[in-house]
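Structure record follows, encoded as C-alpha cells.
Residue numbers start from 1 in every chain, and the chains themselves are labelled A, B, ... in the order their sequence lines are given, proteins ahead of strands.
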Protein chains: 2
Amino acid sequence: MRAHGTDGGVAQAVFRRFNALRPLSDEDTAALEHAILEGLLRAGPGEDLITEGDRIDSVRLVLSGWLFRHKTLEDGRRQIVNFILPGETCDSHAYLLSTIDHSITAATPVAYADIKRVRFEQLMAANRTLAEAFMCETLLSSAIQREWVINLGRRAAFERVAHLFCEIFERLRPVGMVDGNSCALPVTQMDLADATGLSVVHLNRTIQELRASGLIVLKDRTLTISDLEALKNAAMYSPNYLQLYRAK
Amino acid sequence: MRAHGTDGGVAQAVFRRFNALRPLSDEDTAALEHAILEGLLRAGPGEDLITEGDRIDSVRLVLSGWLFRHKTLEDGRRQIVNFILPGETCDSHAYLLSTIDHSITAATPVAYADIKRVRFEQLMAANRTLAEAFMCETLLSSAIQREWVINLGRRAAFERVAHLFCEIFERLRPVGMVDGNSCALPVTQMDLADATGLSVVHLNRTIQELRASGLIVLKDRTLTISDLEALKNAAMYSPNYLQLYRAK
DNA sequence: CGTATCTTTGATACGAATCAACTATCGTGG
DNA sequence: CCACGATAGTTGATTCGTATCAAAGATACG
C-alpha cells in the first residue's frame with residue numbers, strides 16, 4: 001500500500017525530516033512507510049495524546065498539525081516545555097520508562113501514526129539507519145530542551161520570543177512547512193506565554209514590540225519574518241543546536 | 001581485573017545507578033566494569049570534557065566528582081543547563097550527532113571512564129540490558145531537562161532554588177552520596193545562580209531566606225536539608241520525573 | 001601574609017506580573 | 001442571518017520581584 005506518488009503522501013513531513021537526520025534508502029523508506037500506514041490516527045485540538053503519569057507502549061510520528069508538551073504545577077501554573085511539529089516524533093524509546101512526566105496535547109487537528117512498541121523494536125532491529133534516525137530524534141529533542149533552558153534562564157522577554165520564533169521557523173523549514181518568509185503559528189498568545197515563561201499580558205506587549213521593530217508580522221495565525229537575520233541577531237540565535245546530524 | 005570486593009570499586013556509583021535503571025546480572029556488571037576499567041581518566045576543576053562545537057566519539061561515565069553542562073550567549077551570559085553527578089553518563093549515543101551544542105566542565109576533581117564509540121556499540125549490541133539502561137540514562141536526562149524548563153519558566157526564586165536542592169539530593173541518594181540528611185554541594189553560588197537563572201546577589205539572598213525558614217543549612221559546601229518534605233512542599237517538587245525506570 | 005575568589009550587605013532601577021477593563025474575533029444556535 | 005456567549009487579543013495603572021551597581025567581609029590559596 002504505497003502512498004500517492006513521489007510526494008511521500010500523508011507522511012511527507014516525516015520522510016523529509018528523517019532524510020535530514022539520516023539519508024534513507026528506498027528500503028528504509030518503504031519499511032517506515034509500512035509501519036506508519038498501519039497505525040494512522042487523528043486527534044482534535046485540546047485532546048491529550050499522553051497524560052502525565054501514563055505508561056506508554058508506542059511511539060508516535062506526527063504527520064500533520066502541532067502539539068505541545070507541557071507540565072503543570074499543583075497551583076495551575078503551566079509551562080509548555082516544547083512544541084512538536086509535523087514530521088517530529090513523540091517520545092521514541094520512552095516506553096522504556098515507567099511513567100511519563102509530562103502531557104502531550106494537540107494544539108490543532110493532528111494526524112499521526114501510532115507504532116506499537118513491539119513493531120517499533122522490530123523496525124529498529126531490522127533497520128540500522130532507521131534506528132539511528134530515531135535515536136537522533138531523541139537527541140535532537142534534548143538539544144532543543146537545553147536551548148529552552150538558556151532561553152528561559154538568560155534571555156530577556158524580547159530576545160526570548162524572538163528566539164522562539166526563529167526556532168519554530170527553522171524547525172518548520174526542513175519539513176516544507178514554510179512559505180517564503182512566512183509560516184503558520186497556530187497557537188494562542190496564551191500558549192506562547194506558557195512556552196516563554198511570560199504572562200499573557202507581557203507576551204502580548206513583547207509581540208507588539210517585535211512588530212514595532214519591523215522584525216515580524218503576526219496576523220491570522222501566520223508568522224512572517226521580515227528579516228530573519230535581524231531577528232536572529234536580536235535573539236542571539238545560533239542554529240547549531242538544530243543541525244546536529246552527522247554527515248556520513 | 002576485578003575491582004575490590006563487593007563494593008563495586010571505583011565504579012560503585014555507576015553500578016548503583018545502573019541497577020536503579022535496570023537490574024544488572026553478574027554478566028552485565030562484568031561487561032560494564034571491563035569497559036570502564038579500560039578507559040579510566042581524570043579531570044581537574046574548570047577543565048572542559050567537551051566544548052561546544054566539538055565532535056565526540058566516546059561515551060563517558062562519571063565515577064566521582066561533579067560536572068556541569070552549560071551554554072553561553074555571545075555577550076557572556078551563562079546558563080548551566082544541568083549538573084552531571086557521580087554515576088551518571090555524559091551523552092551516551094551523542095556521537096551520532098555532528099557537533100555538540102553545549103560544553104561540559106568539571107566543577108570538582110573528576111574521575112571518569114571514557115568508552116570509545118566502537119567499544120560502546122559492541123557493548124550495546126552484545127548486552128541488551130545495558131543497552132536499555134544507557135537508553136534510560138538518555139531519557140532521564142531529558143526528563144530532568146524538561147523539569148528545569150518549568151523550574152526556570154514558572155517557579156519563583158525561592159521555589160526554584162528549593163527545587164534544585166531537592167533534585168540534587170534525590171539524584172545523589174541512589175548512588176550513595178548522601179549522609180543522613182546531608183550531601184556535598186561542591187559548587188559556588190555563582191554556579192547555582194547560573195543554574196537557576198538568577199543573579200548571584202539574588203541567589204545569595206534566596207539561600208538566606210531558605211536558611212531563615214529553617215529548611216536548609218548550607219555551610220562549607222555541605223547542604224543539610226532539615227526537613228525534606230517541607231522543602232519539597234515549598235518547591236512544589238514532585239519526584240516522578242526522576243523515578244522513571246519500569247519495574248520488570 | 002597578601003591576593004584572588006567567594007559571600008554578604010545596602011541602595012536603587014527596571015522588567016515583568018498582576019489587576020481590571022475593554023475590544024475584537026469566532027463559533028453556535030435560535 | 002443575526003444575537004449571543006465564549007475565547008482571544010489589547011490597553012492602562014500599579015505592584016513586586018529580581019537585576020544592577022557598589023562595596024565590605026570572609027575564606028581559600030600560594
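Every residue two or more places apart in sequence or in another chain was checked for a salt bridge (charged side-chain N to carboxylate O under 4.0 Å, His left out) with A:D220, and none qualifies.
The ring pair (Phe, Tyr, Trp, His ring centres under 6.0 Å) pairs that include a residue from residues 173-195 of chain B number zero, where partners must be two or more places apart or lie in different chains.
The shortest distance between side-chain heavy atoms of B:D91 and B:I104 falls below 4.5 Å.
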Solution key, residues 195-203 of chain B side-chain donor-acceptor pairs under 3.5 Å, sequence neighbours excluded:
| from | atom 1 | to | atom 2 | distance (Å) |
| --- | --- | --- | --- | --- |
| B:T196 | OG1 | B:L192 | O | 2.8 |
| B:T196 | OG1 | B:A193 | O | 3.3 |
| B:S199 | OG | B:H202 | N | 3.2 |

*Can you give one letter per nucleotide of nucleotides 16-30 of chain D, 5' to 3': B if a protein heavy atom sits under 4.0 Å from the base, S if only from the sugar-phosphate, - if neither?*
--BSBB---------
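Put simply, the residue from A:H163, A:Q79, A:E167 that forms a side-chain hydrogen bond (donor to acceptor under 3.5 Å, both in side chains) with A:W148 is A:E167.
With axes fitted over five pairs at each extremity, the angle between the ends of the helix from C:dC1-D:dG30 to C:dG30-D:dC1 is 40° (10° resolution).
If you take CD of A:Q208 and P of D:dG9, they are 12 Å apart, rounded to a whole angstrom.
Side-chain N/O atoms of B:S58 and B:D114 include a donor and acceptor closer than 3.5 Å. Side-chain N/O atoms of B:E229 and B:N233 include no donor and acceptor closer than 3.5 Å.
Residue contacts for B:R77: at a heavy-atom cut-off of 4.0 Å it reaches no nucleic acid atom on any strand shown.
Between A:Q189 and D:dT10 there is a side-chain N or O to OP1 or OP2 distance below 4.0 Å.
Using a 30° and 60° split on the angle between ring planes, A:F68 and A:F83 fall in the perpendicular class, above 60°.
Under 4.0 Å is where a charged nitrogen must lie from a carboxylate oxygen, and between B:K71 and B:D101 at least one such pair does. In summary, B:D191 and B:R78 engage in a salt bridge, as defined by a charged side-chain N under 4.0 Å from a carboxylate O.
Interface limits on DNA chain C: the 5'-most and 3'-most nucleotides within less than 4.0 Å of chain A heavy atoms are C:dA16 to C:dC19.
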